[in-house]
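All values below were derived from every heavy atom in this structure, side-chain atoms included, with hydrogens, water molecules and symmetry-related copies excluded. Note on naming: letters A, B, ... go to the chains in the order of the sequence lines (proteins, then strands), and numbering restarts at 1 for each one.
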Amino acid sequence: MLEIAAIRNNAEAVKQRLAVKNFKELNLIDEVLQLDEQRRATQTKLDENLAKQNVIAKEVGELFKQGKNEDAESKKAETAKLKEDSKQFEIDLAKAEDEIKDILVRIPNTPHSSVPLGKTPEENEVVKTVGEIPTLHEGAQPHWDLAKKYDLFDLELGVKITGAGFPVYKKQGAKLQRALISFFLDHAVEAGYMEVIPPHMVNEASAFATGQLPDKEGQMYVTKEEGFYLIPTAEVPVTNIVRDEILDTLPAKFTAYSPCFRREAGSYGKDVRGLNRVHQFDKVEIVQIVHPDKSYEVLEEMAKHVEVLLQKLELPYRVLRLCGGDMSFASALTYDFEVYSAAQKRWLEVSSVSNFETFQSNRMKVRFRDENKKTRLAHTLNGSALALPRIVASLLENHQTADGINIPAALQAYTGFKKIG
RNA sequence: GGUGAGGUGGAUGAGUGGCUGAAAUCAAUAGUUUGCUAAACUGUCGUACUGGUAAAACGGUACCGAGGGUUCGAAUCCCUCCCUCACCGCCA
């Protein structure tokens, strides 16, 4: 949610920025400013009214104390009109506040100045491409066939138990999952992130705070009785750790492993084969709450963190700076990381690292004290480090040989085996 | 799930209708004293909205779990909801 004060001070600049995100309803900016004007005027009237009531109440009390009951009674009568007015002001104020909020939650974050123009994923900017694309042996297979060959995971079994997109990992496939999770967590902890295990369901307030609501309501699973949302990413519970807090020290750095649940309503076709797109998957997330002056520096640092992981896994990857049209609602700047899947001959997204500036912290009221002891909104960032399924897919595909799949050296201590098959 | 107790500022905790945005203690913080540590003393020490200012200062309003209500006046009385704790029941 954008800050109303920021919109007030830079309405034109905000509109220009939003245009980069292909946001069409720029009229909302003017509407919200007008409502804000109304709101403040009403606020002032209400405050003045209440101030008068407070004065009278004090006087009445004083008169009663002095035994001047008749004077007190007549004084009382003066408040009737004031109370009536204040009731109306309160209604007007609440209405204006609701309307402002309704509009604000529909306005996406303003993109950073480096965000390229564009509407589709094809227009994302390739920042760099790293690593050799391997030449596979004759008869190399995509990961879903390798999974069958070595009995690593079973999607049909998942269908019986739950439904499509809920894989059952088995044997070395299961161990590989556990190894990757530990590998990622250890690296994050070493980089100074505090490891947490958050709830895997969140309440409405938490889902709203990070921007999943109302934007992505249809993408989340909801429990029937409590109305809890199954988390689509650990970002949601982890960032909410600092909701409504005034932090004494920045940065705050958290990492968490969690399963992620996504309905992926509307997706279909070849993109969803194997582990390319599933409803439940594992991910290690990194989150930072930082000083506004530092957030872009930290974004680069987090991107570097992801890169190192990919290098250690010996996977060819590329880094994309998302264009305005492909960015998420809440982000100001996003780097996507894609690994090359040699058997499918395509790039697969495995991580997304974003700076949200104050977009989340404004909703969540995450503040810190600046040099002048004034409270200010912090910047929040998060990134996947990393999401497992497509990492697994590319590990299997890129490292396959005629007589088995090689485990990268950095991972062997975690898997306990050097080769699958 | 049942019964009982309770939710006050960073923490402990006082406050049962006006003198309470809230005592006291601790923590924190600035300073004085001190050879160091420790201690002592003095000051500061909630948040939000709003007016004001170049920025402060300063002023107004709201907030004592949340939302309603009674009253000239509510932390204090009433209603609803949420949560915490204790004991019992069930249980990994």
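Between A:Arg321 and A:Leu333, the closest side-chain pair of non-hydrogen atoms falls below 4.5 Å. For the pair A:Phe368 and A:Thr375, the minimum side-chain heavy-atom distance is 4.5 Å or more. A heavy-atom distance below 4.5 Å is found between the side chains of A:Val236 and A:Gln212. Contact of the A:Asp145 side chain with the A:Lys149 side chain is not registered, since no non-hydrogen atoms from C-beta on lie closer than 4.5 Å.
Pairing for B:U70 is absent, judged as Watson-Crick or G-U wobble with the two contacts each under 3.5 Å. Remark: B:G10 base-pairs with B:C26; criterion is Watson-Crick or G-U wobble with both hydrogen-bond distances under 3.5 Å. When both pairing distances are held under 3.5 Å, B:A38 makes no Watson-Crick or G-U pair with any nucleotide shown. Nucleotide B:U16 has no partner under the Watson-Crick or G-U criteria, as no pair reaches both atom distances under 3.5 Å. Across all strands shown, B:A56 forms no Watson-Crick or G-U wobble pair with both distances under 3.5 Å. Partner assigned to B:A48 is B:U61, using Watson-Crick or G-U wobble distances below 3.5 angstrom. B:A75 makes up no base pair with any nucleotide shown, lacking Watson-Crick or G-U wobble contacts both under 3.5 Å. Across the strands present, B:U3 finds its partner in B:A86; the criterion is a Watson-Crick or G-U wobble pair with both atom distances under 3.5 angstrom.
Going from the C1' atom of B:U61 to that of B:U42 covers 33 Å, rounded to whole Å. One C1' atom belongs to B:A86, the other to B:A92, and the distance between them is 22 Å to the nearest Å. B:G46 sits 13 Å from B:A28 when the C1' atoms are compared, rounded to a whole Å. Across B:C87 and B:C78, the matching P atoms stand 28 Å from one another, rounded to whole Å. Rounded to the nearest Å, the gap between the C1' atom of B:U8 and that of B:U3 is 26 Å. Distance noted for atom C1' between B:C85 and B:U44: 35 Å (whole Å). Taking atom C1' on both B:U53 and B:G10, the two are 31 Å apart, rounded to the nearest angstrom. Nucleotides B:U20 and B:A74 place their P atoms 16 Å apart, quoted to the nearest Å.
Per the geometry, CG belonging to A:Asp244 stands 18 Å off P belonging to B:C63, to the nearest Å. If you take NZ of A:Lys58 and C1' of B:U20, they are 10 Å apart, rounded to a whole angstrom. Between A:Asp98 atom CG and B:G67 atom P the separation is 13 Å, expressed in whole Å. When the C1' atom of B:G73 is taken as reference, atom CD of A:Glu73 falls 13 Å away, rounded to whole Å. Straight-line distance from the CD atom of A:Glu48 to the C1' atom of B:G60: 8 Å, rounded to whole Å. One can place CG of A:Leu50 at 15 Å from C1' of B:G51, the figure rounded to the nearest angstrom. Rounded to whole Å, the distance from NZ on A:Lys374 to P on B:C45 is 16 Å. Between A:Asn49 atom CG and B:G73 atom P the separation is 12 Å, expressed in whole Å.
Of the candidates B:G60, B:G18, B:A56, B:G18 carries the atom nearest the A:Phe64 side chain, counting heavy atoms from C-beta on. Closest to the A:Thr79 side chain, of the nucleotides B:U61, B:A56, B:C72, is B:C72.
Side-chain atoms of A:Thr415 come within 3.5 Å of backbone atoms of A:Gln412 as a donor-acceptor pair (strictly under, hydrogens ignored). A donor-acceptor pair is defined here as one N or O able to donate and one able to accept, closer than 3.5 Å; no such pair exists between the side chain of A:Arg39 and the backbone of A:Glu97.
Side-chain N/O atoms of A:Asn54 include none lying less than 4.0 angstrom from OP1 or OP2 on B:C72.
Toward the 5′ end of RNA chain B lies the nearest nucleotide of A:Ala57, the other residue of the pair A:Ala77 and A:Ala57 mapping further downstream. A residue-by-residue look at A:Lys83 and A:Lys87 shows that A:Lys87 has its nearest nucleotide of RNA chain B further toward the 5' end.
Ion pair A:Lys75/A:Glu78 flagged as a salt bridge, since at least one NZ, NE, NH1 or NH2 atom sits closer than 4.0 Å to an Asp/Glu carboxylate oxygen. A salt bridge does not link A:Arg277 to A:Glu349: none of the charged nitrogens lies less than 4.0 Å from a carboxylate oxygen.
Counting any heavy atom pair closer than 4.0 Å across all strands shown, A:Ile56 reaches no nucleic acid atom.
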Which atoms of nucleotides 46-50 of chain B (N or O only) lie under 3.5 Å from a protein N or O atom, and what are those distances?
unit_1, atom_1, unit_2, atom_2, d
B:U47, OP1, A:Arg369, NH1, 2.4
B:U47, OP1, A:Arg369, NH2, 3.0
B:U47, O3', A:Arg367, NH2, 3.1
B:A48, OP1, A:Thr375, OG1, 2.6
B:C49, O3', A:Arg39, NH2, 2.7
B:C49, O2', A:Gln43, NE2, 2.6
B:U50, OP1, A:Arg39, NH2, 2.8

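Among A:Asp336, A:Asp326, A:Thr334, A:Val127, the single residue meeting the side-chain contact (heavy atoms from CB on, under 4.5 Å) criterion with A:Leu320 is A:Asp336.
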